[in-house]
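Below: the structure, in structure tokens.
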There are 2 protein chains.
Amino acid sequence: MTATPPPAAQENTEENWLRLDSQICFSLHAASRAFNGVYRVILKELGLTYPQYLVLLVLWEHGELPVKKLGEHLRLDSGTLSPLLKRLESAGLVRRERSSRDERSVEIRLTEEGTALRRRALRVPRRIVAATGFGLDEIQELREHLDQLTSALDAAALEGAPEHD
Amino acid sequence: MTATPPPAAQENTEENWLRLDSQICFSLHAASRAFNGVYRVILKELGLTYPQYLVLLVLWEHGELPVKKLGEHLRLDSGTLSPLLKRLESAGLVRRERSSRDERSVEIRLTEEGTALRRRALRVPRRIVAATGFGLDEIQELREHLDQLTSALDAAALEGAPEHD
DNA sequence: AGCCATTTAGTTGTGCACAACTGAGTTGTG
DNA sequence: CACAACTCAGTTGTGCACAACTAAATGGCT
């Protein structure tokens, strides 16, 4: 029962596609979580989670931003960012202030403490890269593939799921 | 203020490392979520989430398994799996039964319905691969890089964070 | 047998991702 | 001006990831 009839290795069966899918699924899922795990360990010293670190990276680079812009940089919506930013605020790293020019929007800006944290964060990337065991060029190459993947997937996602074969 | 002093492009400064880090961070994080998003859309028709699909992939391939083994395949612990499996059970796709040989362990096995769902799931991978816009060999290559990354990161994570420079 | 370390699931609590919704503020149009 | 459409942040609810813990069962040891 549950047969899984012998799928004859290299044949182009749906069975084999499913097997391949499980492999790439697992790989990406696992890589993402492994990456997350290494950051978790390292960022713990800074009192940050990985997504919080991503937010700070954007703020360190761009200075003050409304929540909307922050979300565009990170592809995250207010449902994720609002509570995260509150936590960063209560940690004393950012302030949230209603824009006076547009009362709908909230400007996120770094506090002194948030700005200062950048100094300590400078030591993070080197350790991450070391943990991957990859060279810089390998990382760049992987990054390009991932970006390619992301834009292809984003484009496909926009079409909902209207096609089937 | 917040200077970000001109980091002179290709120099090996911490500034540049941080910039690179933000790039690879964003890329992997975004790729993972984009992938997740495409699966979300497609799996919705099957009434599954992405992690639930991963669990079923393992069960379809290996048949009945204790929670522990399932967790090893997926690198997930009982804190994640227990509630997930309960949801799969109440969806009628799996059953959870205490092993009689070892009362500590719980065997997860597919119901008729869970087994039958495989037929419908066979159409998923083809659509995913199509969505990536990648060829099979590119996918395999990417997968190998990701696996390499994962094992390097896992190894590094085991050492906690004892080293710095 | 009694005791202790280990193994296995499960629970609790925190944080993120995302869909669906709310509500205030803004803009366009008649 | 009035009103509809839209924008933006926030809230709610569901599900996953993971750390820390609990509780029961097992196996080794004396």
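Letters A, B, ... mirror the listed sequences (proteins, then strands); counts begin at 1. Scope of the values below: all heavy atoms of this structure, side chains included, with no hydrogens, waters or symmetry mates.
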Classify B:P83 by what it touches in the nucleic acid, base, sugar-phosphate, or nothing, heavy-atom distance under 4.0 Å.
nothing
Any base atoms under 4.0 Å from A:S78, or only sugar-phosphate, or nothing? Heavy atoms, all strands.
base
Taking only the side-chain nitrogens and oxygens of B:R104, find out if one of them lies under 4.0 Å from OP1 or OP2 of C:dG10.
no
Looking only at C:dA9, C:dA17, C:dT26, the nucleotide nearest the A:E103 side chain is C:dT26
Ranking A:N36 and B:R101 by the position along DNA chain D of their nearest nucleotide, the one closer to 5' is A:N36
Listed partners of B:Y50 passing ring-ring contact (aromatic ring centres under 6.0 Å, His included), at least two apart:
A:H29, B:Y39
Write down the partner of D:dC3 under the Watson-Crick or G-U wobble criteria, each distance required to be under 3.5 Å.
C:dG28
Atom pair distance, as rounded to whole Å: CG in B:D77 and P in C:dG13:
17 Å
When you look at CD of A:E97, are more than 12 heavy atoms from neighbouring residues, nucleotides or ligands closer to it than 6.0 Å?
yes
In whole angstroms, how far is the C1' atom of D:dC18 from the NZ atom of A:K44?
11 Å
Does B:K69 reach a base, just sugar-phosphate, or nothing at all? Heavy atoms under 4.0 Å.
nothing
B:R33 has a side chain; which of C:dC18, D:dC8, D:dG10 sits nearest to it?
C:dC18
Determine whether a donor-acceptor pair (one donor, one acceptor, N or O, separation below 3.5 Å) exists between the side chain of B:T49 and the base of D:dG15.
no
Would a distance-only check, ignoring hydrogens and angles, find a side-chain to backbone donor-acceptor pair under 3.5 Å from B:R33 to A:R75?
yes
With respect to the side chain of A:V106, which nucleotide from D:dA9, C:dA9, D:dA17 is positioned closest?
D:dA9
Under 4.0 Å between any heavy atoms, over every strand shown, what does B:S105 touch: base, sugar-phosphate, or nothing? Just pick one.
sugar-phosphate
To the nearest angstrom, the CZ-P distance between B:F35 and C:dA17 comes to 18 Å
For B:S32, enumerate each residue passing the side chain to side chain donor-acceptor pair (under 3.5 Å) test, keeping only those at least two apart in sequence or located in another chain.
A:S32
Let me know the distance between CD of B:E107 and P of C:dT8, rounded to the nearest Å.
12 Å
Please give, in whole Å, the distance from C:dA9 P to B:E72 CD?
9 Å
Sugar-phosphate, base or nothing in reach of B:L81, heavy atoms under 4.0 Å
nothing
Report the nucleotide, chosen from D:dG10, D:dA25, C:dC18, that has the shortest atom-to-atom distance to any side-chain atom of A:K86.
D:dG10
A:Y50 OH to C:dA17 C1', straight-line distance once rounded to whole Å:
14 Å
Lys/Arg N to Asp/Glu carboxylate O, B:E45 vs B:R123, below 4.0 Å
no
Between D:dG15, D:dG10, D:dC18, which nucleotide has the shortest distance from any of its atoms to the side chain of B:Q52?
D:dG15
Checking all strands, does A:D102 fall into the base, sugar-phosphate, or nothing category for heavy-atom contacts under 4.0 angstrom?
sugar-phosphate
So, is A:R96 close to the D:dG10 phosphate, meaning a side-chain N or O under 4.0 Å from OP1 or OP2?
yes
Closer than 3.5 angstrom, by distance alone: can the side chain of A:D77 be matched with the main-chain N or O of A:T80 as a donor-acceptor pair?
yes
Separation of atom CG in A:L48 from atom P in C:dG15, rounded to whole Å:
12 Å
